[in-house]
Amino acid sequence: MLPSPRAVRGHERGPPVKKKRKGGSWGEKLRDRLAKERRSLLFVLPAVLAALVAGWWLFLRGPGAAVAHREFLQADTPVIAVVNPPRVQAYVSSLAHSATRFVPGIPKLSSMQARAFSFDWIHKMPLEMAFLFDQRASDAYAVTLLFRENPTSESLEGLVDAGFFQTLRPVRFPGSRLARKGGGILLSEGTLPVPPFVKELAQKRYPGYIPVDAPAVSGNHFVEIAINNRNGALVELQGALSELISPWAAGGTRQTLLDLAPEVVEGVFTADLADDDRLECRVEAECASAAGAEAVAGALGTAADEVAFWLEEANGFGLAGSVERSGSSVRGVWQLTGFEPKLRRALGG
């Protein structure tokens, strides 16, 4: 018996084929979506990883040592002073008023207002501030002021004004502004005049000028000041900074420090936050002889006592510590306390 026409036509069409749903099956949609996401991740993932690494470096590991100033050292630089604000950033932020974490600042709204005030920098302080003193000139120190900006904060060019430079007297900065050097570095060039009688005294005690290497600075302290005294920098600085010394030092102490300066070959001062409202200050000096070190240690102890008295009388701060000698080396350690209330008020806390 012959097959029916319907059966023949069905055979020609072959086995029935399932119709695809419009837009493809759920599984196909998922595969297409994942393929697109993979392509997107190839572009997004590197940026995400870079952001995570940058965040870890800046906020968890920290900015590292404050040594960006090394690139700008001039020949014959006997004195370097470095401030590393990130070492105290968490403490400073904790003292500031909580509102300053959410309000960027107060803009300048009228001509009656002196200037805009920013809170942002309080919580994102610069990564480094340094003063480099070199003896290129015969009658003054050339001073380089360096800032390394915090990349997450606003530019320091708008915050550091003429008033700031005025507070740095007796160092003079004629331009009263910062020049950008790239990489978040800003510089300003100034001078620190050395009185003629002090320069003459230094030349008598150090008749033959010897080129000096810059003193070693680790950059791992909140404050670090290092001096190479082989050409009389300590004598010259005492004369140049007499206005900063005279408020706390008696006349006899000033003369003793000046007389003993040639005994010091090199020295380092550091200050670090040891706890809330406690700054640990250290002085380390290498002297020319054990006898000289004994005299220097005695003078340093007397000077510290006079500083402590002045700080208590003028600001209500406390300073306590001791000095010891070992061979030709002198070591002094002091604890500075009582500054937190004033710092809190200054920060609006």
So does [X] pair up with [Y], basic N to acidic O under 4.0 Å?
| X | Y | answer |
| --- | --- | --- |
| Arg230 | Asp213 | no |
| Glu286 | Arg331 | yes |
| Glu284 | Arg282 | no |

**Study point:** Candidate pair Ile245 and Arg254, rule side-chain contact (heavy atoms from CB on, under 4.5 Å), full reasoning
**Key:** CA-CA 8 Å; Ile245 299 173; Arg254 293 199 301 271; 4.0 Å; yes
To the closest 0.5 Å, what do you measure between [atom1] ([X]) and [atom2] ([Y])?
| X | Y | atom1 | atom2 | value |
| --- | --- | --- | --- | --- |
| Gln203 | Asn231 | CD | CG | 11.0 Å |
| Glu71 | Lys181 | CD | NZ | 11.0 Å |
| Asp259 | Gln238 | CG | CD | 9.5 Å |
| Phe317 | Thr337 | CZ | OG1 | 9.5 Å |
| Ser176 | Gln166 | OG | CD | 7.5 Å |
| Cys287 | Glu266 | SG | CD | 10.0 Å |

Verify, without hydrogens or angle tests, whether [X] (side chain) and [Y] (backbone) share a donor-acceptor contact under 3.5 angstrom.
| X | Y | result |
| --- | --- | --- |
| Asp305 | Ala308 | no |
| Ser289 | Gly292 | yes |
| Asn84 | Glu128 | no |
| Arg325 | Gly298 | no |

**Study point:** Verdict with reasoning, Phe222 to Leu279, per side-chain contact (heavy atoms from CB on, under 4.5 Å)
**Key:** CA-CA 10 Å; Phe222 169 47; Leu279 205 65; 4.1 Å; yes
Check your understanding: Do other residues, nucleotides or ligands put more than 12 heavy atoms under 6.0 Å from Arg177 CZ?
Key -> no
**Study point:** Residue Phe72 excluded, over 12 heavy atoms near CZ under 6.0 Å
**Key:**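 More than 12 within 6.0 Å, yes.
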Point to revise | Same cluster (ILVMFWY, side-chain, under 4.5 Å), Phe133 and Val264 | key: yes
Practice item. Indicate if Leu273 and Leu343 have the same hydrophobic cluster label, given that clusters are the connected sets of ILVMFWY residues with side-chain heavy-atom separations under 4.5 angstrom. Key: yes
Point to revise | Heavy-atom pair with the smallest gap, counting every atom of Pro170 and Ala240 | key: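 Pro170 and Ala240 have their closest heavy atoms at CG-O, 3.7 Å.
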Point to revise | Heavy-atom pair with the smallest gap, counting every atom of Pro78 and Tyr141 | key: CG-CE2, 4.0 Å
Practice item. Would you check, one step at a time, whether the test side-chain contact (heavy atoms from CB on, under 4.5 Å) holds for Leu311 with Leu336? Key: CA-CA 10 Å; Leu311 286 173; Leu336 177 65; 3.9 Å; yes
Review point. For residues Gln89 and Ser93, is any side-chain donor paired with an opposing acceptor at under 3.5 Å?
Key: yes
Exercise for review: Would you please say whether a donor-acceptor pair under 3.5 Å links the side chains of Glu149 and Ser155?
Suggested key: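 Looking only at side-chain atoms, Ser155 and Glu149 do form a donor-acceptor pair, the distance falling under 3.5 Å.
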Revision key, fill the gap. Given the options Leu146, Leu145, Ile225, Thr144, Phe131 meets side-chain contact (heavy atoms from CB on, under 4.5 Å) only with Leu145
Exercise for review: Just do the side-chain contact (heavy atoms from CB on, under 4.5 Å) check on Leu132 and Leu73 with the steps written out, would you?
Suggested key: CA-CA 7 Å; Leu132 314 177; Leu73 283 174; 4.0 Å; yes
Exercise for review: Please state whether the rings of Phe339 and Tyr91 are parallel, tilted or perpendicular, taking 30° and 60° as the class boundaries.
Suggested key: perpendicular
